[in-house]
There are 2 protein chains.
Amino acid sequence: MSEQDEIPRAAATPRGRRKREAILAAGLKVFMAEGYAASMDRVAAGAGVAKQTLYSHFGSKEGLLRAVSDRFKHDTLRGLDPAGDLGAELLAFGDHMMRKLFDPETLGIQRLMIAQADAFPDLARIVYAAGPGRVREALVEFMRSKVEQGELRPVDPDEAAEDFVALLQGGRRQRYLFGIERAPDAGEIRRMAQRAVAVFRRAYTVS
Amino acid sequence: MSEQDEIPRAAATPRGRRKREAILAAGLKVFMAEGYAASMDRVAAGAGVAKQTLYSHFGSKEGLLRAVSDRFKHDTLRGLDPAGDLGAELLAFGDHMMRKLFDPETLGIQRLMIAQADAFPDLARIVYAAGPGRVREALVEFMRSKVEQGELRPVDPDEAAEDFVALLQGGRRQRYLFGIERAPDAGEIRRMAQRAVAVFRRAYTVS
DNA sequence: GTCTATATAAAGATAGAC
DNA sequence: GTCTATCTTTATATAGAC
């Protein structure tokens, strides 16, 4: 009923909270870099903390992973204005979304969760829902409005949202996951978003 | 100059070759299921072989991973006929591609390579090139022909190929990677391919 | 709650017999 | 070339002092 209850609560004091934060940050960083196979020793070293402190706070390696994943639940996302211009809204949203999706931190946590999807399905769900899932959700409502307003053909808003996200990411993101291409810079992202909007409009607006 | 040269060659005798095959099969299976963190003991047990035999053939854990990955280099892919009907060719190709991409074995090896992309960039490259990379390559030439024939608008064939693949996979494949949705069955794949072709034609054919 | 030091198990890799 | 038995290192997790 109080603020938050982790399994073992070791964050009552201010110093405890600082250590806890340091561990979480180090845990994210180390897991992202080396995967879940990374050792607890490394996490402790990264946080500048004794290994036992780490166990006091999170109980086990799995507990730490869960705490790290939970952080992503609270990520927020730019909204869409159903009254705004179709192309402009999609462009701004697409641009914002791509920046998130190609962020190195997003890459790291998603690689981690994809690798551990069988071992920790619930965590994979959390990370997906906080990232691509949230993106899709936000788009569906917008598409529905635009269909009702007659700007888009009378299509399933779900499919329209799905296709727009697909066009945005293109193959580039897949290659980014595989480490084959680096992340696009701001200019490239802009151009990718513009292209996606153009293709989407051709396919989906009334002609 | 002979057939094949692995680092340590232990496959001279027929029995040796059988063991080698068994190890490769078990290696793929175990790595796919548990990731690269899986133990060599498990691989040996899966192959019904002593651990030392495994080391005789592949030298190290990394050596085994490389041998397992190399297998995927030889995967083949359905071709496209530039003289064929645009929609029919894309549909057949898309259908075939999706069956491969949603195959559990493809899922396993790709998850593995995404997770190990930083540790073994060359292997990630191999697996990507054998899967999505090959798909894209095959499509680019087809798109170029169709642009020259005037069936498609005068666009960059590379971008057209990229977009078609993106539309095909949609968000479904991403969710599949995260373990959130199961693989689509034959009927669903068919419908997904049909939808992708329809959207692609709207966006890319001359009107 | 945090540290140092340690228990215990499991990993990758090898020695030596056949 | 393949097995059994073993070496060595490193992992997760814990005991006990402050």
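Chain letters run A, B, ... following the sequence lines, proteins first and then strands; every chain starts at 1.
The salt bridge (charged side-chain N to carboxylate O under 4.0 Å, His left out) test applied to R182(B) returns E188(B), not counting sequence neighbours. Scored by the salt bridge (charged side-chain N to carboxylate O under 4.0 Å, His left out) test, D158(A) finds R136(A) as partners (sequence neighbours excluded).
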Under 3.5 Å, which donor-acceptor pairs do the side chains of residues 114-123 of chain A form with other protein atoms, sequence neighbours left out?
unit_1	atom_1	unit_2	atom_2	d
D118(A)	OD1	R111(B)	NH1	3.3
D118(A)	OD2	R111(B)	NH1	3.4
D122(A)	OD2	R66(A)	NH1	2.5

Hey, can you pull the donor-acceptor pairs under 3.5 Å for the side chains in residues 96-103 of chain A, sequence neighbours left out?
unit_1	atom_1	unit_2	atom_2	d
R99(A)	NE	D95(A)	OD2	2.8
R99(A)	NH2	D95(A)	OD2	3.3
D103(A)	OD1	E105(A)	N	2.8

For residues 190-197 of chain B, tabulate all N or O donor-acceptor pairs below 3.5 Å that involve a side-chain atom, not counting sequence neighbours.
unit_1	atom_1	unit_2	atom_2	d
R195(B)	NH1	E159(A)	OE1	3.3
R195(B)	NH1	D163(A)	OD2	3.1
R195(B)	NH2	D163(A)	OD1	3.1

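Between K51(B) and the phosphate of dT14(C), there is no side-chain N or O to OP1/OP2 separation shorter than 4.0 Å. Taking 4.0 angstrom as the limit, T53(B) places a side-chain polar atom (N or O) nearer than this to OP1 or OP2 of dC3(D).
Rounded to whole angstrom, the span from the CZ atom of R20(B) across to the C1' atom of dT2(D) amounts to 16 Å. Rounded to an integer number of Å, the gap from NZ of K61(A) to P of dT10(D) is 15 Å. Put simply, CZ on F58(A) is 14 Å from P on dA13(D), counting in whole angstrom units.
Considering only the side chain of K19(B), dC3(D) comes nearest among dC3(D), dC3(C), dA13(D). The listed nucleotides are dA13(D), dA13(C), dG1(D); the one nearest the side chain of S60(A) is dA13(D). Counting only heavy atoms from C-beta on, Y55(A) has its side chain closest to dT12(D) among dT12(D), dA13(C), dT2(D).
The side-chain hydrogen bond (donor to acceptor under 3.5 Å, both in side chains) analysis of residues 74-86 of chain A, with sequence neighbours excluded, yields no pairs. Legend: side-chain hydrogen bond (donor to acceptor under 3.5 Å, both in side chains) pairs involving residues 28-40 of chain B, not counting sequence neighbours, sorted by first then second residue: E34(B)-R42(B).
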Kindly indicate, with the supporting measurements, whether the criterion side-chain contact (heavy atoms from CB on, under 4.5 Å) is fulfilled by K146(A) and V155(A).
CA-CA 10 Å; K146(A) 288 304 183 188; V155(A) 294; over 6 Å; no
Provide a list of protein-nucleic acid N or O atom pairs under 3.5 angstrom, restricted to nucleotides 15-18 of chain C.
unit_1	atom_1	unit_2	atom_2	d
dA15(C)	N6	Q52(B)	OE1	3.4

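Heavy-atom distances under 4.0 Å link DNA chain D to A38(A), S39(A), M40(A), D41(A) of residues 27-44 of chain A, given in residue order.
Checking side-chain atoms of R153(B) against main-chain N and O of A203(B) turns up a donor-acceptor pair under 3.5 Å.
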